[in-house]
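Take a look at the structure set out below.
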Amino acid sequence: MGTTQIPTLPKTREWIRVVRLIQAGADAAQVARAVIRAAADALAAASRDEGVAEAAWLLAQLPTAAREDDFAAALRDCGMRVPNAPGLMDVVVAVSDAMDDHFPNNRGRTDVTEIAQTAAAEAVASTVGARTAGFFGTAPPDVQKTFAALATVKRFGAFVRTFFARLVFKCL
């Protein structure tokens with residue numbers, strides 16, 4: 001078990017209002033509306049961030065690459081460095097490294113990009129890890145098969161929803 005760090009909220013008028021609503025015992029709907037209002041700037045920045053777009057693009061490539069005969073080569077064609085028979089951890093690292101490669105010398109990287117990179121790696125790990133034996137107990141062909149299964153509208157939707165849910169949670 002690790003420690004949980006709760007960051008300090010920004011000292012803006014909107015976040016102070018959120019705290020006051022909670023202190024006053026406001027209902028969940030009122031607090032939720034105030035949080036959305038307070039987080040609007042961060043969420044608007046995320047929608048325009050190149051790192052968010054890059055992370056979403058990388059995630060979209062995974063099911064398509066997994067449907068190819070040579071999964072590793074297809075991943076490499078998308079800019080992901082993987083061994084010839086990639087396991088789940090290899091793909092998680094490759095997604096994160098591809099994000100780093102897209103922003104050489106951190107040029108253009110933002111805090112939201114960092115959040116998107118983490119959310120993408122977590123989405124890959126949790127989605128595929130939940131359908132397999134986890135990071136180290138799954139054979140590479142099973143990892144490929146699991147990614148390929150994400151190519152349906154429903155499964156891919158759930159996969160990217162995991163990414164965006166993590167992204168929004170971290171932005172808030």
Side-chain angles (χ1 to χ4, degrees), residues 1-7 28 32 35-36 39 42-43 45-104 106 108-172:
M1 283 217 205
T3 59
T4 301
Q5 294 181 1
I6 300 173
V35 167
I36 290 169
L43 295 176
S47 73
R48 295 183 304 271
D49 191 88
E50 184 180 348
V52 173
E54 180 65 14
W57 183 84
L58 288 166
L59 295 180
Q61 304 315 301
L62 296 172
T64 304
R67 296 181 117 189
E68 297 293 326
D69 290 334
D70 191 341
F71 182 40
L75 290 174
R76 287 185 201 112
D77 288 344
C78 298
M80 293 180 244
R81 294 185 307 270
V82 293
N84 289 332
L88 177 55
M89 186 56 105
D90 297 318
V91 177
V92 170
V93 170
V95 168
S96 185
D97 287 349
M99 290 282 298
D100 287 337
D101 293 345
H102 188 77
F103 298 95
N106 291 326
R109 183 180 285 275
T110 66
D111 290 343
V112 176
T113 297
E114 293 287 331
I115 293 169
Q117 182 175 10
T118 303
E122 289 174 0
V124 169
S126 67
T127 300
V128 177
R131 290 172 171 77
T132 63
F135 283 125
F136 305 106
T138 306
D142 294 330
V143 170
Q144 180 179 355
K145 182 179 172 184
T146 304
F147 276 112
L150 297 176
T152 67
V153 171
K154 184 176 181 179
R155 288 185 181 148
F156 183 72
F159 178 45
V160 295
R161 191 169 37 251
T162 298
F163 164 67
F164 283 110
R166 290 174 184 272
L167 177 72
V168 170
F169 176 78
K170 291 171 182 297
C171 283
L172 292 179

List the atom pairs, donor and acceptor, that lie under 3.5 Å between side-chain atoms in residues 112-125 and the rest of the protein, sequence neighbours left out.
| from | atom 1 | to | atom 2 | distance (Å) |
| --- | --- | --- | --- | --- |
| Thr113 | OG1 | Asp49 | OD2 | 2.7 |
| Thr113 | OG1 | Thr110 | N | 3.4 |
| Thr113 | OG1 | Thr110 | OG1 | 3.1 |
| Glu114 | OE2 | Arg109 | NE | 3.4 |
| Glu114 | OE2 | Arg109 | NH1 | 2.9 |
| Gln117 | OE1 | Arg109 | NH1 | 2.8 |
| Gln117 | NE2 | Ser96 | O | 2.8 |
| Gln117 | NE2 | Ser96 | OG | 2.9 |
| Gln117 | NE2 | Asp100 | OD1 | 3.1 |
| Thr118 | OG1 | Glu114 | O | 3.1 |
| Glu122 | OE1 | Arg166 | NH1 | 3.1 |
| Glu122 | OE1 | Lys170 | NZ | 3.4 |
| Glu122 | OE2 | Lys170 | NZ | 3.2 |

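Looking at every heavy atom in both residues, Phe147 comes nearest to Val91 through CZ-CG1, 3.6 Å. Minimum heavy-atom separation, Ala149 to Arg155: O-CD, 3.0 Å. The two residues Gly79 and Ala98 have their closest heavy-atom pair at O-CB, 3.6 Å.
Taking the side chain as every heavy atom from C-beta outward, Leu75 and Pro86 approach each other to under 4.5 Å. Side-chain contact check for Leu88 versus Thr138: every heavy-atom pair is 4.5 Å or farther apart. Put simply, the side chain of Ser126 reaches to within 4.5 Å of the side chain of Thr162, judged on heavy atoms. Using a 4.5 Å heavy-atom threshold, the side chains of Val128 and Arg131 count as separate. In this structure the side chain of Leu62 reaches within 4.5 angstrom of the side chain of Met80, judged on heavy atoms. Contact of the Phe71 side chain with the Pro141 side chain is not registered, since no non-hydrogen atoms from C-beta on lie closer than 4.5 Å.
Judged purely by atom type and a 3.5 angstrom limit, Arg67 has no side-chain atom pairing as donor or acceptor with the backbone of Pro63. Of the possible donor and acceptor atoms, none in the side chain of Asp77 sits under 3.5 Å from a partner among the backbone N and O of Ala74. Gln144 places a side-chain N or O within donor-acceptor distance of the main-chain N or O of Ala66, the cut-off being under 3.5 Å.
Between Asp101 and Arg81, at least one side-chain nitrogen of the basic residue sits less than 4.0 Å from a carboxylate oxygen of the acidic one, meeting the salt-bridge criterion.
The CG atom of Leu59 sits 10.0 Å away from the CG atom of Leu150 when rounded to the nearest 0.5 Å. Rounding to the nearest 0.5 Å places CZ of Phe159 at 11.0 Å from CZ of Phe164.
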